Number of protein chains: 2
Amino acid sequence: MSGIQEIAVATGLSKSTVSRALRDLPSVAPATVMAVRRMADQLGYIPSSAAAGLATGRNRTVGVVVPVIDRWFYIRVLEGIDAELRRAGYDLILFNLAGAAGDRGRVFHRSILRKRVDALVLLSLVFDEDEREQLELTEYPLLVIGGPAPGIRHLGIDDHQVAYRATKYLLDLGHTRIAHIGGRDEAGANSLVPGERHEGYLDALADAGIAPVPEWSPNGEFTFAGGHDSMARLLQGPSVPTAVFAASDEMAFGAMVAIQKAGLRVPEDISVVGIDGHAYGKTFGLTTFAQDPVAQGARAARVLLGEVAGQPALPWFEPAPVTFVERTSAGPPPN
Amino acid sequence: MSGIQEIAVATGLSKSTVSRALRDLPSVAPATVMAVRRMADQLGYIPSSAAAGLATGRNRTVGVVVPVIDRWFYIRVLEGIDAELRRAGYDLILFNLAGAAGDRGRVFHRSILRKRVDALVLLSLVFDEDEREQLELTEYPLLVIGGPAPGIRHLGIDDHQVAYRATKYLLDLGHTRIAHIGGRDEAGANSLVPGERHEGYLDALADAGIAPVPEWSPNGEFTFAGGHDSMARLLQGPSVPTAVFAASDEMAFGAMVAIQKAGLRVPEDISVVGIDGHAYGKTFGLTTFAQDPVAQGARAARVLLGEVAGQPALPWFEPAPVTFVERTSAGPPPN
DNA sequence: ATGAAAGCGCTAACAG
DNA sequence: CTGTTAGCGCTTTCAT
């Protein structure tokens, strides 16, 4: 049924040698390795990760904590992490805080901090004092992807800058009446991202000498429906903007749909730009500032894996690259 | 640093008692439990899942295998599974076959079958002889969610029936020129779902005495872009359908966008219905046949957890419920 | 290049 | 209600 032991007796070798052969450590005769190999899968040997983990203290597993999972960005990051982990023979344990029905604390203590993972990736999460302390107590390497997180190194784009660029792009096109569909605190994400992007927008406006219209910064909740509803409301306001900068592509799509529903055209009547590089962008013709979450995830996984293997910890990351993708959703303001 | 042992000496109890107290087994004096508890977190005790796993043979983990992750359905199912698992104190290991860069076999042997999970959920996957054999060799309970999978019990909607109903709905509205945007074999999914849905469509047409137009069953690849492109092509054909039944909501959205881009209206010029119950549906006004993947995932998790706990295995599942959601994307054919 | 022996940290009978 | 005694299956010095 199970066991390195069986292989040992079947081959007439010792457990140690079999163990070494199976992990192809040096100093095992090639012939021996062969024999062990053959016997192993002849017996249908399946290693016990628990036993190996107990013995080595390593679980060959990294945890990924997401605030919610049904968001384009998180999913792509997950893909990037997964691919890299898989390549290294590591498994990925997913912790979805949203699934915990508000019981974030329990997930934290009972699951995440359990000695089950060798490293941890936190997605767009900000932590309170207590949580941060807990995290620091953990021995393993960790990092945040997505938003800056006070006290923890983080990997991601420069949110403020990209928002500034996006707004500036609209400004340069001639727009002066620019709205920003952003978010507040994402469901449990407690992330700094929405704020950073809003600031970037505000700063670009300020640098252009334009006073922001308070009603023009609705909360799109970082969802398609939220973007749509925000735009619909904007369209009914006493004065309507000629351009919209959405803090995420999904919200931008929602806004575009709302604009079209209202019988207006993009970009002739209203221009729209987003941030992300969502797959739907091409079809929607959305002009956007694309980031590469898959690469970010892969990068994170590589760094973590390296550190688990003993490499010195990287204290911080340079900002992840952003690519401007010009399509057809933005143009000069009407008339 | 670690260990139940430390707590034992610190409290003057034995390892066993501490172990019992920590897991609140019966037959431990309440006072003892208290004492152990306090000492445990005073010492910052973190249990070793590897040790527990080795001792019990249980890992408190279930694996979920997805063909690709960036699909609405899989993500929702994942949420359902995760929530239920979390509640039971189980962890979820994610296996993304797409991430394996075609190396499906390796993921299979090196990871999935490793003795690391207590149960397995397979999403919309069909297996070849060899894989099925391997799966049967595993001791733990498993099931497929999504598509029927020969040889393995499966939980999901009745794909043929829902497709039949969707087509019938269009037929009853008076349409006779109905196209079907479906899929072939999803990227590595190797699923039976697309075929079943196509059959349902064909059968409904046949029952209505309508001969299908071969060109009207394009492959939308189950993606938004695929749905869009398929529809765009349909629109350029020598003859254009008055209604489209998309095998998934995402493809339906793509089709709607293509229709609008062509200057046509939904449903006045062309009706569209989908399958799924995607969150975007409300905004798009899509009439669809909604399923509840979160519930399916939760159900699966509950069943598996029960079986891990010793309950007898459920041999099969009744089809998951489908709810007809009538919105505004379908109406009678023009003129 | 291979073997022997001692654990890794916890659970599970079996006593008491 | 609590303690003792064995392991779970693998890795890892230390010998040989």
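The shown structure was predicted, so the numbers you read here are calculated from the model rather than taken from an experiment. Lettering follows sequence order; numbering is per chain, from 1.
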Engineer: Do B:Glu307 and B:Leu314 come within less than 4.5 Å of each other through their side chains, counting heavy atoms only?
Structural biologist: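 Result yes, sub-4.5 Å side-chain heavy-atom pair found.
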Engineer: A:Leu25 has an atom CG; how far is it from atom P of C:dA1, in whole Å?
Structural biologist: 12 Å
Engineer: Specify the separation, in whole Å, of atom CZ of B:Arg20 and atom C1' of C:dA15.
Structural biologist: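 Rounding to the nearest Å, CZ of B:Arg20 and C1' of C:dA15 are 11 Å apart.
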Engineer: If you compare every side-chain N and O of B:Arg23 against the phosphate oxygens of C:dT11 (OP1, OP2), does one of them come in below 4.0 Å?
Structural biologist: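 Checking C:dT11 against B:Arg23, a side-chain N or O does come within under 4.0 Å of OP1 or OP2.
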Engineer: For B:Val28 and A:Ala51, take the nucleotide of DNA chain D holding the closest heavy atom to each; which residue's nucleotide lies nearer the 5' end?
Structural biologist: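 Closer to the 5' end of DNA chain D: B:Val28.
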Engineer: Could you give the CD1-to-P distance, from B:Ile46 to C:dG9, as a whole number of Å?
Structural biologist: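 The answer, rounded to whole Å, is 13 Å.
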Engineer: Apply side-chain contact (heavy atoms from CB on, under 4.5 Å) to residues A:Val66 and A:Val64 and explain how you reach the verdict.
Structural biologist: CA-CA 6 Å; A:Val66 300; A:Val64 179; 4.2 Å; yes
Engineer: Rounded to the nearest angstrom, tell me the gap between atom NZ in A:Lys15 and atom P in C:dA5.
Structural biologist: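 Going from NZ in A:Lys15 over to P in C:dA5 covers 11 Å.
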Engineer: Check whether any side-chain nitrogen or oxygen of B:Thr17 sits under 4.0 Å from OP1 or OP2 of D:dG3, and answer yes or no.
Structural biologist: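 Yes, B:Thr17 has a side-chain N/O under 4.0 Å of OP1/OP2 on D:dG3.
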Engineer: Do any side-chain nitrogens or oxygens of A:Ser19 fall under 4.0 Å of OP1 or OP2 in D:dT11?
Structural biologist: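 Affirmative; the distance criterion is met.
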Engineer: Can a salt bridge be assigned to the pair B:Arg116 and A:Asp91 using a cut-off of 4.0 Å between side-chain N and carboxylate O?
Structural biologist: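 Counted as a salt bridge, because a side-chain N and a carboxylate O are separated by less than 4.0 Å.
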Engineer: I'd like to know if the side chain of A:Ser19 pairs up with that of A:Ser16 as donor and acceptor (distance under 3.5 Å, no hydrogens or angles considered).
Structural biologist: no
Engineer: Would you say the side-chain atoms of A:Arg20 and A:Thr32 include a donor-acceptor pair closer than 3.5 Å?
Structural biologist: no
Engineer: Look at the side chain of A:Ser27 and decide which nucleotide, out of C:dT2, D:dC10, C:dT11, has an atom nearest to it.
Structural biologist: C:dT2
Engineer: For DNA chain D, whose closest nucleotide is more 5', that of B:Pro30 or that of B:Ala55?
Structural biologist: B:Pro30
Engineer: How many whole angstroms separate atom CG of A:Asp24 from atom C1' of D:dT11?
Structural biologist: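 Result: 15 Å.
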Engineer: When you measure only distances, ignoring hydrogens and angles, does the side chain of B:Ser16 come within 3.5 Å of the base of D:dT4 through a donor and an acceptor?
Structural biologist: yes
Engineer: For C:dG3, does either OP1 or OP2 sit under 4.0 Å from a side-chain N or O belonging to A:Ser14?
Structural biologist: yes
Engineer: For A:Gln5 and C:dG3, give me the distance from atom CD to atom P, rounded to whole Å.
Structural biologist: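 Rounded to the whole Å, the gap is 12 Å.
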Engineer: Compare side-chain N and O positions of A:Thr32 against OP1 and OP2 of C:dT2 and report whether any pair is under 4.0 Å apart.
Structural biologist: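 Answer is yes, contact under 4.0 Å.
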Engineer: Grab the CG-P distance between A:Asn59 and D:dC10 for me, whole Å please.
Structural biologist: 15 Å
Engineer: Send over the distance from B:Leu54 CG to C:dA12 P, rounded to a whole Å.
Structural biologist: 12 Å
